[in-house]
> 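Let me give you the structure first, and then I'll get to my questions.
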Amino acid sequence: MSSLLDEIRELHEGGKMETLPKKRIETMEGLSKVYTPGVAEICMEIANDPAKAYELTIKKNTVAVVSDGTAVLGLGDIGPEAAMPVMEGKAVLFKQFAGVDAFPICLNTKDPDEIVHIVKMIAPAFGGINLEDISSPRCFEVERRLKEELDIPVFHDDQHGTAVVVLAGLVNALKVCGKKMEDVKVVFAGIGAAGMACSRMLLKAGVRNLIGVDRQGAIHRGVEYSNPHWAEYANMTNPHNLSGSLSDVIVGADVFIGVSGPDLLTVEDIQSMAADPIVFAMANPKPEIDPALAAPFVRVLATGRSDFPNQINNVLCFPGIFRGALDCHATTINEEMKLAAGLAIADAISPEELSETYIIPNVFNPKVVQKVRDAVIRAALETGVAKAGQIPAAGLHPEKL
Ligand SMILES: NC(=O)c1ccc[n+]([C@@H]2O[C@H](COP(=O)([O-])OP(=O)(O)OC[C@H]3O[C@@H](n4cnc5c(N)ncnc54)[C@H](O)[C@@H]3O)[C@@H](O)[C@H]2O)c1
Ligand SMILES: O=C(O)C[C@H](O)C(=O)O
Ligand SMILES: [Mg+2]
């Protein structure tokens with residue numbers, strides 16, 4: 001065990017990334033072109049037409065991964081410095097899987113006004129903003145305001161990236177079990193950033209019987225919640241207005257989706273579910289139930305981790321979504337683009353390949369980023385949010401592993 005920890009630590013020594021120039025400057029003449037005085041010509045070209053930033057700077061391929069360190073994985077509010085290894089990791093994944101240059105930016109503030117202000121002020125350098133691990137409900141306001149005020153895509157990965165991969169996983173898990181979205185009872189644990197967005201996505205995909213459970217139990221109508229988003233949530237979910245604990249409402253459920261914290265689902269809970277239970281225990285780094293405990297009692301099991309089969313993790317989504325959005329200069333990432341991304345991920349597994357232990361493609365499956373990128377561009381064009389005159393046939397430059 002300690003050698004594994006040593007190995008992990010070694011991979012993090014000095015951070016996980018660096019900046020590399022595209023061309024090395026070897027001579028004074030070269031210097032005069034890349035830097036002053038030559039660079040001044042380019043600056044003035046952009047000053048006269050700021051849209052030229054897409055042609056003449058890193059903007060067209062660059063995403064800011066912005067966090068305030070308040071909901072880092074399931075570790076909670078561990079602060080901006082401690083959030084950096086996750087944000088560096090996301091930046092590495094952006095580059096490796098989709099050729100996107102991403103910068104980890106951890107802010108020393110939790111104030112939504114300040115976060116919105118800072119992100120707006122740094123936006124000129126970036127082609128997109130990936131918000132990460134900002135706790136709910138502040139994340140909803142931050143994202144809404146930034147989407148309204150910026151003309152580059154703003155995407156809160158924990159909400160929408162997760163919703164996209166959950167949709168993909170559920171589409172395929174239901175195929176394995178021979179069940180339909182319209183007929184299944186779905187119980188969510190954790191109605192924060194991820195739970196809220198995943199619920200919305202599944203309702204859009206046709207689920208009718210969906211119940212959300214948080215620390216106070218099932219979210220239902222007739223209660224005054226301190227979280228203003230839960231009243232709205234109660235109105236759109238829980239058709240029979242059930243109250244009670246997770247164990248109370250999970251009885252007879254076809255699907256459990258956990259985006260909460262570790263060890264809150266029991267084997268007895270799973271045994272009370274309908275036949276062929278589907279369990280997505282996605283809390284990181286420790287899922288809602290130990291997968292080894294759950295496995296004998298479920299038909300389909302998925303976690304957010306890479307060390308078990310069926311990893312349902314937003315890494316399947318954010319590289320391809322941003323690759324597509326950047327390549328077509330999308331001004332936003334809309335619902336149609338997210339839905340298209342989810343279906344594209346599901347579609348990366350052929351009917352012959354589909355099984356209980358293979359409902360979701362592996363992130364190393366080269367089809368995933370390409371399919372997501374193409375589907376996102378198609379949806380952006382169809383919904384009129386793509387600004388690019390010409391879209392590269394394949395904007396991918398994934399590094400070899
Ligand atoms: N696999 C993935 O791709 C993926 C993506 C996003 C989030 N997650 C995981 O989901 C979890 C939540 O992330 P988030 O960004 O939504 O955070 P969040 O802080 O916005 O929301 C977490 C919610 O879970 C609730 N919760 C926590 N412990 C609970 C418990 N014991 N019982 C009931 N409710 C509980 C909290 O009250 C909160 O409403 C984290 O563990 C995160 O790692 C996984
Ligand atoms: O970071 C991950 O691996 C997934 C997700 O964004 C999370 O917060 O857990
Ligand atoms: Mg996250």
Side-chain angles (χ1 to χ4, degrees), residues 65-78 83-94 104 106 110 130-143 155-169 187-201 211-219 225-230 233 244-250 256-266 269 280-289 291 302-308 310-319 342 345 360 363:
V65 179
V66 180
S67 182
D68 63 356
T70 53
V72 182
L73 309 176
L75 304 172
D77 184 357
I78 60 173
M84 272 300 282
V86 173
M87 305 314 137
E88 287 181 20
K90 297 258 168 185
V92 166
L93 299 171
F94 263 119
C106 289
K110 298 178 195 174
N130 182 106
L131 301 173
E132 189 68 46
D133 293 351
I134 298 176
S135 67
S136 60
R138 292 169 316 117
C139 61
F140 303 125
E141 183 195 339
V142 168
E143 190 197 37
F155 183 82
H156 183 204
D157 181 38
D158 297 282
Q159 289 183 62
H160 313 298
T162 315
V164 164
V165 287
V166 162
L167 173 70
V187 171
F188 267 90
I191 308 306
M196 193 70 85
C198 292
S199 299
R200 281 213 171 88
M201 180 68 101
I211 300 158
V213 180
D214 208 277
R215 291 181 199 277
Q216 295 115 305
I219 298 179
Y225 292 109
S226 56
N227 182 336
H229 299 272
W230 284 352
Y233 189 88
S245 67
L246 174 62
S247 303
D248 295 331
V249 299
I250 202 169
F256 167 84
I257 299 175
V259 272
S260 49
D263 300 324
L264 55 90
L265 185 72
T266 65
D269 292 331
F280 293 176
M282 296 172 51
N284 286 318
K286 278 191 84 187
E288 282 75 4
I289 184 166
T303 70
R305 301 166 55 118
S306 42
D307 49 359
F308 290 99
N310 291 336
Q311 181 187 24
I312 301 201
N313 190 289
N314 45 28
V315 64
L316 280 164
C317 163
F318 64 79
I345 295 170
I360 193 95
V363 65

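One-based numbering along the sequence shown. Remember, it's 1-based here, ligands and their atoms both numbered in the order they're listed. In this text, all values refer to a predicted model and were calculated from it rather than measured experimentally.
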> Which atoms of ligand 1 are found less than 4.0 Å from any heavy atom of I191?
39 (O)
> For atom 4 (C) of ligand 2, which candidate among L75, N314, I312, D158 holds the nearest heavy atom?
N314
> Tell me, which protein residue and heavy-atom name are nearest atom 24 (O) of ligand 1, and how many Å apart are they?
G190 CA, 3.4 Å
> Return the residue, atom name and 0.1 Å-rounded distance of the protein heavy atom closest to atom 21 (O) of ligand 1.
G192 CA, 3.3 Å
> Measure the distance from atom 12 (C) of ligand 1 to every protein heavy atom, then report the residue, atom name and distance (to 0.1 Å) of the closest one.
V259 O, 3.2 Å
> Identify, by name, the N, O or S atom of D133 lying closest to the Mg ion (ligand 3).
OD1
> Any N/O of A194 closer than 3.5 Å to an N/O of ligand 1?
yes
> Begin from the C-alpha positions of S247 and D269 and carry the test side chain to side chain donor-acceptor pair (under 3.5 Å) through to its verdict.
CA-CA 6 Å; S247 303; D269 292 331; 2.8 Å; yes
> Using a 3.5 Å cut-off on N or O atoms only, is G74 in polar contact with ligand 1?
yes
> Within this structure, what is the CD1-OH distance for the pair I219 and Y233, rounded to the nearest 0.5 Å?
6.0 Å
> Which protein non-hydrogen atom lies closest to atom 15 (O) of ligand 1, naming both residue and atom, and how far is it?
D158 CB, 3.7 Å
> A283 heavy atoms, cut-off 4.0 Å: which ligand 1 atoms fall inside?
9 (C), 41 (O)
> Within a strict 4.5 Å, meaning less than it, do heavy atoms of the C317 and F155 side chains meet?
yes
> Looking at non-hydrogen atoms alone, which of Q159, K90, Q311, E132 comes nearest to atom 1 (O) of ligand 2?
K90
> To the nearest 0.5 Å, what is the distance between CG (D77) and OG (S135)?
6.5 Å
> Are D133 and M87 side-chain neighbours, meaning at least one heavy-atom pair lies under 4.5 Å?
yes
> With a 3.5 Å distance limit and no angle check, can you tell me whether E288 reaches the backbone of S260 through a side-chain donor-acceptor pair?
yes
> Quick check against the 3.5 Å criterion: does D214 have a side-chain atom that pairs as donor or acceptor with the backbone of I191?
yes
> Taking only heavy atoms of M282 into account, list the atoms of ligand 1 that are under 4.0 Å away from them.
1 (N), 2 (C), 8 (N), 9 (C), 44 (C)
> For ligand 1, find out whether one of its N or O atoms is nearer than 3.5 Å to an N or O atom of D214.
yes
> Which distance, rounded to the nearest 0.5 Å, do you find between the NE2 of H229 and the CD of E141?
8.0 Å
> Could you identify the single nearest non-hydrogen protein atom to atom 3 (O) of ligand 2 and state the distance to 0.1 Å?
N313 ND2, 3.0 Å
> Which heavy atom of T303 sits nearest to which heavy atom of P287, and what is that distance?
CG2-CG, 4.3 Å
> For ligand 2, is any non-hydrogen atom under 4.0 Å from V315's backbone (N, CA, C, O), its side chain (CB onward), both, or neither?
neither
> Flag the pair V166 / M201 as yes when at least one side-chain heavy-atom distance between them is below 4.5 Å, and no otherwise.
no
> Give yes or no for whether the N/O distance cutoff of 3.5 Å, strictly under, is met between I134 and ligand 1.
no
> Select the closest option to atom 5 (C) of ligand 1 among L316, V86, T162, judged by heavy-atom distance.
T162
> Select one of side chain, backbone, both or neither to describe which atoms of L73 lie under 4.0 Å from any atom of ligand 2, heavy atoms only.
both
> Specify the protein heavy atom at minimum distance from atom 3 (O) of ligand 1: its residue, its atom name, and the distance to 0.1 Å.
N314 N, 2.9 Å
> Under 3.5 Å, is there a donor-acceptor pair between the side chain of S245 and the main chain of D248?
yes
> In Å, rounded to the nearest 0.5 Å, how long is the span from OG of S136 to CD of E143?
12.5 Å
> Supply the atom-to-atom distance K90 NZ to S67 OG, rounded to the nearest 0.5 angstrom.
10.0 Å
> Can you tell me which N/O/S atom of D158 has the shortest distance to the Mg ion (ligand 3)?
OD1
> Nearest to atom 26 (N) of ligand 1, what protein heavy atom do you find, and at what distance?
S260 CB, 3.9 Å
> Mind checking the CG-NE2 spacing from N130 to H160? Nearest 0.5 Å is all I need.
10.5 Å
> May I ask you to list the atoms of ligand 1 that are less than 4.0 angstrom from any heavy atom of G304?
1 (N)
> Do any N/O atoms on I312 end up under 3.5 angstrom from N/O atoms on ligand 1?
yes
> Looking only at protein heavy atoms, identify the closest one to atom 17 (O) of ligand 1 and say how far it is in Å.
A71 CB, 4.2 Å
> Among all protein non-hydrogen atoms, which one is nearest to atom 30 (C) of ligand 1, and what is the separation to 0.1 Å?
L264 CD2, 3.4 Å
> Within the side chain of D158, is there an N or O that forms a donor-acceptor pair under 3.5 Å with the backbone of A194?
no
> Counting only nitrogen or oxygen atoms and a 3.5 angstrom limit, does N284 reach ligand 1?
yes
> Answer whether the closest heavy-atom distance between the side chains of P285 and L75 falls below 4.5 Å.
yes
> May I ask you to test the N284-N313 pair for a side-chain heavy-atom distance under 4.5 Å?
yes
> Can you name the N/O/S atom of E132 that is nearest the Mg ion (ligand 3)?
OE2
> Any N or O of R215 that comes nearer than 3.5 Å to an N or O of ligand 1?
yes
> Taking only heavy atoms of N284, which atoms of ligand 2 are found under 4.0 Å from at least one of them?
2 (C), 3 (O), 4 (C), 7 (C), 9 (O)
